[in-house]
There are 2 protein chains.
Amino acid sequence: MEISFTDIKQKFQGCGLKTTPQRAAIYDALLRSTTHPTAEELYAEVAPQFPMMSLNTVYYTLGVLRTSGLIHEVNIDHTRARFDANLSPHHHLICLGCQSIVDVIDPRLNRLTSPAGIPNDFEITSYQVAFRGLCGSCRRHTGRSINHSSPGLHPTTVKGGLHGKSS
Amino acid sequence: MEISFTDIKQKFQGCGLKTTPQRAAIYDALLRSTTHPTAEELYAEVAPQFPMMSLNTVYYTLGVLRTSGLIHEVNIDHTRARFDANLSPHHHLICLGCQSIVDVIDPRLNRLTSPAGIPNDFEITSYQVAFRGLCGSCRRHTGRSINHSSPGLHPTTVKGGLHGKSS
DNA sequence: TGCTAAATAGTAATTATTCCTAAACAGGAA
DNA sequence: TTCCTGTTTAGGAATAATTACTATTTAGCA
């Protein structure tokens, strides 16, 4: 995703945010990243350009961008927050071995029907599917054993292909 | 979900776990709960029965139960872990206002087709849909405004009913 | 060019969780 | 039943991520 400084500035202005070099660099780093980095990782990414920059600034900036809706927080495990500047509807593929997160872009997943049995005064504004399993590399290294200490694993085996019969 | 002490003991034995009163109480509390409590909340729930019990024991126990596959960790936000003893496939409805989590049980959601464009050596073992929005109570109190500081919100508006065409 | 509110950087504080260790105990063996 | 041993517990200390506080700096407007 290529984006110029001017583009970033316009986005920030559109949200009523001041444009500072640090802020632009953090946002740019997140836009270019595909790994859903943590605050610390973004800090490491941007720090070379701004040796005086504080990790605090990264946290503050991420908070501001999140509140403005320019980025999303992705919660894979409870230990640390990860961030995503990709606002288009997409889903995630999470490796339980190495905790990596890959974007899943499949339009079919954006057309789920409304779930049954939910309170009718609940207004759903979005939904997201998290696929979990083991990436090729982790399968080879761990002999396909699943790390049960990782979060959210369900016993449902999905295998190579999920079956798509309509109930 | 009703379960006797003997049932719990059998489950523990099946996993090679010793049965202690504290452990059984923690697991039982989680089985009876529908709110996906945190370690602290479970501690508060069980503490009256065991005044000497340490919060540490709750953490240790939850770790053991998770490793044994008896419970799951649910990650809604990065601030703290939440737990779920309901192992049957289900999904979650998350209120961005009050952070409450309600189970979504809809068989149609358990038959998603395999997502396109993922690495073909990735083995998916489970998936879970997180629906986000505002519960009735929070909508009334906040005037339907969505709290953008909450995690993972996507701009896709889902409204009352998602449309289920099979693109 | 100034003004002012917002942003930055630094330090300290907080919160959830994990680590460490001695004492207690569950469950199998004798 | 009683003993043994490894697991579990409880308590305190340590760690890691994040937030709070604050003085200084700066972006963006008048």
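Each chain gets a letter, A, B and so on, in the order the sequences are listed, and its residues count up from 1.
- Side-chain nitrogen and oxygen atoms of A:T79 include none within less than 4.0 Å of the OP1 or OP2 phosphate oxygen of D:dA16.
- With B:I71 as reference, B:L62 is the one residue of B:L62, B:I26, B:N86 to meet the side chain to side chain contact (heavy atoms under 4.5 Å, CB included) rule.
- Between A:P37 and A:E41 the shortest heavy-atom distance is CA-OE1, 3.1 Å.
- In 5' to 3' order, the nucleotides of DNA chain C bounding all contacts with chain B (an atom under 4.0 Å from a heavy atom) are C:dA16 to C:dG27.
- The line from CD of A:Q99 to OG1 of A:T35 is 13.5 Å long, rounded to the nearest 0.5 Å.
- As a whole-Å value, the separation of A:F12 CZ from D:dA27 C1' is 13 Å.
- For A:Y27 and A:F12, the ring centers are positioned less than 6.0 Å apart.
- For D:dA17, the OP1/OP2 oxygens have no side-chain nitrogen or oxygen of B:H78 closer than 4.0 Å.
- Across the protein-nucleic acid pair, A:R66 atom CZ and D:dT18 atom C1' stand 10 Å apart, rounded to whole Å.
- Under the rule for a ring pair (Phe, Tyr, Trp, His ring centres under 6.0 Å), B:Y59 has no partner lying at least two apart in sequence or in another chain.
- Looking at B:Q22 and B:T61, their side chains never come closer than 4.5 Å, going by heavy atoms from C-beta outward.
- Residues that satisfy the side chain to side chain contact (heavy atoms under 4.5 Å, CB included) test with A:A116, not counting sequence neighbours, are B:D106, B:R108.
- Taking OG of A:S100 as the reference point, atom CG of A:L134 lies at 10.0 Å (rounded to 0.5 Å).
- Salt bridge B:D28/B:R32: present, at least one basic N to carboxylate O contact under 4.0 Å.
- Under the 3.5 Å distance criterion, with hydrogens and angles disregarded, a donor-acceptor pair is assigned to the side chains of A:D103 and A:H92.
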Report all interatomic pairs (protein N or O, nucleotide N or O of nucleotides 5-9 of chain D) with separations under 3.5 Å.
| from | atom 1 | to | atom 2 | distance (Å) |
| --- | --- | --- | --- | --- |
| D:dG6 | N2 | B:K18 | NZ | 2.9 |
| D:dT8 | OP1 | B:R23 | NH1 | 2.6 |
| D:dT8 | OP1 | B:R23 | NH2 | 3.1 |
| D:dT8 | OP2 | B:Y60 | OH | 2.8 |
| D:dT8 | O5' | B:R23 | NH2 | 3.1 |
| D:dT9 | OP1 | B:T20 | OG1 | 2.3 |
| D:dT9 | O3' | B:Q22 | NE2 | 3.2 |

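- Contacts between residues 35-49 of chain B and DNA chain D, defined by a heavy-atom separation below 4.0 Å, involve no residue at all.
- Here the CZ-CG distance, from B:F83 to B:L30, works out to 8.5 Å after rounding to the nearest 0.5 Å.
- For the pair A:Y59 OH and D:dC21 P, the computed distance is 18 Å after rounding to whole Å.
- A distance of 10.0 Å separates CG of A:N56 from OH of A:Y43, quoted to the nearest 0.5 Å.
- Taking atom CZ of A:F50 as the reference point, atom P of D:dT25 lies 18 Å away to the nearest angstrom.
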* Structure fact -> Read 5' to 3' with Watson-Crick or G-U pairs under 3.5 Å, [ ] for crossing pairs and | for partners on another strand, DNA chain C gives ||||||||||||||||||||||||||||||
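- The 5' end of DNA chain C is approached more closely, in terms of each residue's nearest nucleotide, by B:F83 than by the other of B:F83 and B:K9.
- A 4.5 Å side-chain heavy-atom check between B:D84 and B:I101 finds every atom pair outside the cut-off.
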